[in-house]
Number of protein chains: 2
Amino acid sequence: MGATKSDLFTRQQNEIAAMAKALAHPARIAILQYLVKKNACVCGDLVEELGLAQATTSQHLKELKTAGIIQGSIEGASVCYCINPKTWKQYKELFNGFFKDVDLQNTCC
Amino acid sequence: MGATKSDLFTRQQNEIAAMAKALAHPARIAILQYLVKKNACVCGDLVEELGLAQATTSQHLKELKTAGIIQGSIEGASVCYCINPKTWKQYKELFNGFFKDVDLQNTCC
DNA sequence: TTGTATTATTGCAATATTACGATTAAATAC
DNA sequence: GTATTTAATCGTAATATTGCAATAATACAA
C-alpha cells in the first residue's frame, strides 16, 4: 500500500485532486504568486526569491511544469518561466465549479 | 530533510498550500462532493460510498475535519458529517483571490 | 450484562514527497 | 581552447502520506 487508489474515483475527482496537489506546497504557491506579480517571463531569479536550494527549486518548477500551470523557455544560458494562461484558466474554472452551488444553510451538525 | 520548510514562506502562502493539501486526494474530493450533493448531514454510508477500507475512510474524514472543511456530530452510534459552511466559504474566497487578476495575455514563453 | 453496530485509533508496510549536495549539460565569456 | 554561469538530473536521507488489519471505544438493543 501507500499508493493512491485512483481507479476507485472518477476522472474528474482525480483531476481536481491532481490540481490541488500541484498547489499543495508553499514554495509552489510562492513561485506562482511571483510569476503572477511580475506578469511576465521571469528568468533566473527564482532561486534567490525562494530561499531553497537550487536543486529543490528546480524540482518544484518541474512539478508545476508537469502539471501544466507554468511553462519555461530557454533564453541563452538561463530559462524563462511564466504562467500558462490556458491551464491557469482551467484551474480557475475547475475550482470555481467545485466550490460554487453550496447551500450554506445546512448547518445541521 | 524531507519536511516542508514553512518558515521560508508567508502565512498566506502556507495557508493556501494547506488548503490545497486537504483537497489533494481523490477520496477527499469524493467525500466533499457527496456531502455537497446530499446537501445535508450524512450519517454512516461514506465507507460504502468510497470503496476504501473503514480505517482509511476514517483517516480521510479526520484530515478534512482537521482542515475544518467538514464537521461531524455524534448521532447515537454513528456520526453525521456535513460541510462546514464557514470554512467552505473561506476556501472559496481564498482560491478565488488566488486565481483572479491574471493578465492572460502574457504568452511570452 | 452480553452482543451488535459504528467509528476511531494503533501499528505497520508500501509509496511519495521534500530537501540538498554532487554532478552533468549547455550556453556564454574570456 | 578553458573558465564561468545557469539549470537539470542523480543519489540519498528524512519525513509524510496512503492503506489496511487488528484493536479499542462508544452507543444501543436484547
Side-chain angles (χ1 to χ4, degrees), chain A residues 1-9 13-14 16-31 34-35 41-67 70-82 109, chain B residues 1-9 13-14 16-31 34-35 41-67 70-82 109:
Chain A
M1 297 108 223
T4 295
K5 289 197 159 182
S6 43
D7 53 306
L8 286 177
F9 308 101
Q13 286 163 345
N14 282 302
I16 297 179
M19 288 196 184
K21 203 170 194 175
L23 304 179
H25 194 288
R28 296 197 287 275
I29 297 294
I31 291 172
Y34 186 71
L35 292 180
C41 264
V42 171
C43 294
D45 47 356
L46 277 164
V47 174
E48 310 157 43
E49 189 64 22
L50 289 187
L52 289 170
Q54 184 265 324
T56 310
T57 305
S58 186
Q59 213 170 347
H60 284 302
L61 286 167
K62 189 182 177 184
E63 273 185 76
L64 290 172
K65 255 189 292 181
T66 303
I70 67 169
Q71 50 196 184
S73 63
I74 297 170
E75 190 76 32
S78 59
V79 179
C80 292
Y81 297 99
C82 65
C109 296
Chain B
M1 296 110 223
T4 294
K5 290 198 160 180
S6 43
D7 53 305
L8 285 177
F9 309 101
Q13 285 163 346
N14 282 299
I16 297 179
M19 288 195 185
K21 204 171 194 175
L23 304 180
H25 195 288
R28 297 198 285 273
I29 297 294
I31 291 172
Y34 187 70
L35 293 181
C41 264
V42 170
C43 295
D45 47 356
L46 277 165
V47 175
E48 308 158 43
E49 189 64 21
L50 288 187
L52 289 170
Q54 183 267 324
T56 309
T57 305
S58 185
Q59 212 170 348
H60 284 302
L61 286 168
K62 189 182 178 183
E63 274 185 76
L64 289 172
K65 255 189 293 182
T66 302
I70 66 169
Q71 52 195 183
S73 62
I74 298 170
E75 190 76 34
S78 61
V79 179
C80 292
Y81 297 99
C82 66
C109 299

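Order of the sequence lines sets the chain letters (A, B, ...), proteins ahead of strands, with each chain counted from 1.
Contact between the side-chain N/O atoms of B:H60 and the OP1/OP2 oxygens of D:dT17 is not found at any separation under 4.0 Å.
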For nucleotides 24-30 of chain C, just jot down a letter per nucleotide in 5' to 3' order: B, S or -, based on protein non-hydrogen atoms under 4.0 Å.
---SS--

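The interatomic distance linking A:L52 (CG) with C:dT17 (P) rounds to 17 Å, in whole Å. Going from atom CG of B:L8 over to atom C1' of C:dA19 covers 11 Å, rounded to whole Å. Rounding to whole angstrom units, NZ of residue A:K5 and C1' of C:dA13 are separated by 14 Å. In this structure, the CD1 atom of A:I29 is 12 Å from the P atom of C:dT18, given to the nearest Å. Taking atom CD of residue A:E63 and atom P of nucleotide D:dT9, one finds them 13 Å apart after rounding to whole Å. Put simply, CD1 on A:I70 is 13 Å from C1' on D:dA8, counting in whole angstrom units. Straight-line distance from the CG atom of B:N14 to the C1' atom of C:dT18: 14 Å, rounded to whole Å. Per the geometry, CG belonging to B:D7 stands 16 Å off P belonging to C:dT18, to the nearest Å.
Judged by closest nucleotide on DNA chain D, A:S78 is the one of A:F9 and A:S78 placed further toward the 5' end.
B:Q59 is linked by a side chain to side chain donor-acceptor pair (under 3.5 Å) to nothing, counting only residues two or more places apart in sequence or in another chain. Judged as a side chain to side chain contact (heavy atoms under 4.5 Å, CB included), and not counting sequence neighbours, the contacts of A:A67 are A:A22, A:Y91. Residues passing the side chain to side chain contact (heavy atoms under 4.5 Å, CB included) test with A:S58 are A:Q54, sequence neighbours excluded.
For the atom pair A:L8 CG and B:L50 CG, the distance stands at 8.5 Å (nearest 0.5 Å). The distance from the CG atom of B:N14 to the OG atom of B:S6 is 5.0 Å, given to the nearest 0.5 Å.
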List, with names and distances, any nitrogen or oxygen atoms from the protein found under 3.5 Å away from nitrogen or oxygen atoms belonging to nucleotides 8-10 of chain C.
| residue | atom | partner | partner atom | Å |
| --- | --- | --- | --- | --- |
| C:dA8 | OP1 | B:K65 | NZ | 3.2 |
| C:dA8 | OP1 | B:Y81 | OH | 2.7 |
| C:dA8 | OP2 | B:S58 | OG | 2.9 |
| C:dA8 | OP2 | B:Y81 | OH | 3.3 |
| C:dA8 | N7 | B:Q54 | NE2 | 2.8 |
| C:dA8 | N6 | B:Q54 | OE1 | 2.9 |

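By the 4.5 Å heavy-atom criterion applied to side chains, A:P26 and B:T4 are counted as neighbours. Taking the side chain as every heavy atom from C-beta outward, B:L23 and B:I29 approach each other to under 4.5 Å. Contact check for B:Y81 versus B:L46: side-chain heavy atoms found under the 4.5 Å cut-off.
For the pair A:T56 (side chain) and A:L52 (backbone), a donor-acceptor distance under 3.5 Å is absent.
Applying the salt bridge (Lys or Arg N to Asp or Glu O under 4.0 Å) definition to pairs two or more places apart or across chains, those involving residues 41-63 of chain A are A:R28-A:E63.
Between A:H25 and B:F9, the ring planes are perpendicular. Angles over 60° get that label, and only those under 30° would be called parallel.
Taking a 4.0 Å limit (strictly below) on heavy-atom distances, residues 20-28 of chain A reaches DNA chain C at A:K21, A:H25, A:R28.
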